[in-house]
Amino acid sequence: MSENEATGVCDTMNPPQRTARLALPENLHPNSGDSDGDEEEENEAQRKRTELDLVHSRLSSLERLRLPRFAAHIQRLCLRQNFISALDPDIFSVLTKLVELDLYDNKIKTIGDALNNLTALTVLDLSFNLLKSVPETLHCLTSLRTIYFVQNRISKVSGLQGVGATLRSLELGGNKLRQIENLDALVNLEELWLGKNKIARLENLSGLKSLRILALQSNRIRKIENLEALGDLEELYLSHNGVERLENLEHNTKLTTLDVGSNLIPELENLTHLTHLTELWINHNKIKNLQALEPQLGSLTLQTIYLEGNPCQQAEGVNYRRKIMLALPTLTQIDATFTKQK
């Protein structure tokens with residue numbers, strides 16, 4: 001949630017050679033009558049589909065779709081924006097070739113043991129459902145690399161120990177989390193998205209040594225701290241918090257993007273060592289003047305800076321953009337406007 005609000009699995013798929021959107025047959029449509037029993041023989045090509053897209057199909061049950069008929073080939077199943085409230089183990093247990101399963105925007109409260117056989121699954125999207133906790137059976141998904149839990153009702157991070165070796169991206173934005181915890185097993189995690197929760201402190205991150213992206217927008221954080229173990233961190237998103245100072249980034253020298261917009265920061269400081277920084281978003285803070293621009297950022301190859309909404313913008317008036325450009329000639333964008341390159 002960069003705020004990466006759970007990028008749609010089906011939207012980013014690379015379609016294989018045999019890919020098709022499933023058009024519900026007349027006798028399988030959720031609003032149609034029952035079949036008269038004289039069903040035509042299924043087409044061989046239909047049964048060899050590797051991707052089924054059932055977005056916004058008003059489905060509340062999957063039984064009449066007879067999904068097991070695709071079990072030998074189906075790798076991607078998209079069931080976004082339906083009314084599914086329960087997952088039937090009899091249906092999903094045979095879909096063992098599934099690599100991506102998208103259940104975004106349904107009414108699921110629990111997955112039970114329905115997905116336990118999906119050992120090939122790498123991407124699971126359960127965003128915008130009614131989950132109150134992380135499913136306890138995730139450890140059965142031994143190939144899982146990316147999981148989305150955006151906008152559920154999860155209040156505690158738990159149940160992730162079993163996917164620690166494989167998980168690369170975890171999205172828990174828009175939940176009810178108050179603390180960062182129980183992540184030590186995720187030793188290979190590269191992306192952690194925790195925006196729009198109620199987290200008050202940066203903590204318990206020292207085990208995430210492979211982390212490249214950390215996003216905690218719209219929380220309750222007041223201090224940048226406890227990031228010294230994240231030496232590979234490249235992108236840090238802390239906008240819309242209560243951060244009072246730029247500090248404690250000495251060990252995060254690989255940062256390319258730093259987002260601290262809409263905080264309480266009064267000055268630019270402690271940035272000269274971030275030699276890889278290309279994007280700095282520090283708009284809507286309390287920076288009164290532009291005097292620190294060149295000393296703090298002049299030696300960097302910064303390309304984008306957002307400073308709008310600070311007192312310095314009003315104080316400089318029409319000279320605002322010109323002074324920034326003179327101090328930082330490598331910039332290609334100031335706020336939302338590209339600079340004129342010579």
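Side chains are part of it too, since the values below use all heavy atoms of this structure and drop only hydrogens, waters and symmetry mates.
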Start with the C-alpha gap between Tyr320 and Leu307, add the side-chain angles, then the distance that decides, and say whether side-chain contact (heavy atoms from CB on, under 4.5 Å) holds. CA-CA 10 Å; Tyr320 167 74; Leu307 269 167; 3.2 Å; yes

Checking side-chain contact (heavy atoms from CB on, under 4.5 Å) for the pair Leu227/Asn248: CA distance, chi angles, key distance, verdict? CA-CA 7 Å; Leu227 300 178; Asn248 298 322; over 6 Å; no

Arg76/Val123 under side-chain contact (heavy atoms from CB on, under 4.5 Å): CA gap, chis, key distance, verdict: CA-CA 9 Å; Arg76 296 168 176 84; Val123 179; over 6 Å; no

Report the C-alpha separation of Gln333 and Tyr306 in whole Å, then their side-chain angles, then the decisive distance to 0.1 Å, and conclude whether the side chain to side chain donor-acceptor pair (under 3.5 Å) test is met. CA-CA 8 Å; Gln333 182 176 337; Tyr306 276 80; 3.0 Å; yes

side-chain contact (heavy atoms from CB on, under 4.5 Å) evaluation trace for Leu172 with Leu177: CA-CA 9 Å; Leu172 277 160; Leu177 302 176; 4.1 Å; yes

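Every residue two or more places apart in sequence or in another chain that forms a salt bridge (charged side-chain N to carboxylate O under 4.0 Å, His left out) with Glu244 is listed here: Arg222. The side chain to side chain donor-acceptor pair (under 3.5 Å) test applied to Lys156 returns Glu181, not counting sequence neighbours. Partners of Glu190 under the side chain to side chain contact (heavy atoms under 4.5 Å, CB included) rule, at least two apart in sequence or in another chain, are Arg168, Arg212. Partners of Glu247 according to the side chain to side chain contact (heavy atoms under 4.5 Å, CB included) rule, which considers only residues two or more places apart in sequence or in another chain, are Lys223, Arg245, Asn270. Applying the salt bridge (charged side-chain N to carboxylate O under 4.0 Å, His left out) rule to Glu136 yields no partners; only residues at least two apart in sequence or on another chain are considered. Looking at residues two or more places apart in sequence or on another chain, you find a side chain to side chain contact (heavy atoms under 4.5 Å, CB included) between Asp259 and Tyr237, Ser239, Trp281. Arg178 meets the side chain to side chain donor-acceptor pair (under 3.5 Å) test with no other residue; sequence neighbours excluded. By the side chain to side chain contact (heavy atoms under 4.5 Å, CB included) test, Ala185 pairs with Gln161, sequence neighbours left out. Partners of Arg220 under the salt bridge (charged side-chain N to carboxylate O under 4.0 Å, His left out) rule, at least two apart in sequence or in another chain, do not exist in this structure. For the side chain to side chain donor-acceptor pair (under 3.5 Å) test, residues two or more places apart in sequence or in another chain that qualify with Lys254 are Asp232. Annotation: side chain to side chain donor-acceptor pair (under 3.5 Å) contacts of Gln303 (sequence neighbours excluded): none.
Both Leu59 and Leu87 belong to a single network of hydrophobic side chains, linked directly or stepwise wherever heavy atoms of I, L, V, M, F, W or Y lie under 4.5 Å apart.
The closest side-chain heavy-atom distance from Leu192 to Leu186 is not below 4.5 Å. At a threshold of 4.5 Å between non-hydrogen side-chain atoms, the residues Ile305 and Leu331 count as touching. Under the 4.5 Å side-chain criterion, counting only non-hydrogen atoms from C-beta, Asn188 is not in contact with Leu167. Between Arg80 and Asp125 the shortest side-chain heavy-atom distance falls below 4.5 Å.
Atom CG of Leu297 sits about 9.0 Å away from atom CG of Leu274, to the nearest 0.5 Å. Note: Leu208 CG to Leu170 CG = 9.5 Å, rounded to the nearest 0.5 Å.
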Could you tabulate the donor-acceptor pairs under 3.5 Å formed by side-chain atoms of residues 110-119, not counting sequence neighbours?
from, atom 1, to, atom 2, distance (Å)
Thr110, OG1, Gly112, N, 3.2
Asn117, ND2, Ser93, O, 3.2

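One N or O on the side chain of Asn219 and one on the backbone of Leu194 form a donor-acceptor pair closer than 3.5 Å. Judged by distance alone, with hydrogens and angles left aside, the side-chain atoms of Asn310 form a donor-acceptor pair with the main-chain N or O of Lys286 at under 3.5 Å. Under the 3.5 Å distance criterion, the side-chain polar atoms of Asn283 are left unmatched by any main-chain donor or acceptor of Gly261. In terms of modelled atom types and a separation under 3.5 Å, the side chain of Glu171 and the main chain of Gly173 share a donor-acceptor contact. Using a distance-only test at 3.5 Å, with no hydrogens or angles considered, no donor-acceptor pair links the side chain of Thr166 to the main chain of Arg145. Checked by atom type and distance alone, the side chain of Asn289 pairs as donor or acceptor with a backbone atom of Gln291 at under 3.5 Å. Looking only at distances, a side-chain donor or acceptor of Thr256 sits under 3.5 Å from a matching main-chain atom of Glu234. In this structure, His273 contributes its side chain and Leu249 its backbone to a donor-acceptor pair below 3.5 Å. The backbone N or O of Asn106 sits less than 3.5 Å from a side-chain atom of Asn129, completing a donor-acceptor pair. Side-chain atoms of Thr122 do not come within 3.5 Å of backbone N or O of Ser143 as any donor-acceptor pair.
Checked for salt-bridge contact, Asp335 and Arg321 miss the test: no charged N lies under 4.0 Å from a carboxylate O. Between Glu316 and Arg322 there is no salt bridge, since no side-chain N of the basic residue sits under 4.0 Å from a carboxylate O of the acidic one.
A donor and an acceptor atom, one from each side chain of Glu191 and Ser169, are located under 3.5 Å apart.
Sparse packing is recorded around CD of Glu294, with 12 or fewer heavy atoms of other residues, nucleotides or ligands lying under 6.0 Å away.
When Leu95, Ile147, Leu141, Thr146 are each tested for a side-chain contact (heavy atoms from CB on, under 4.5 Å) with Leu121, only one passes: Leu141.
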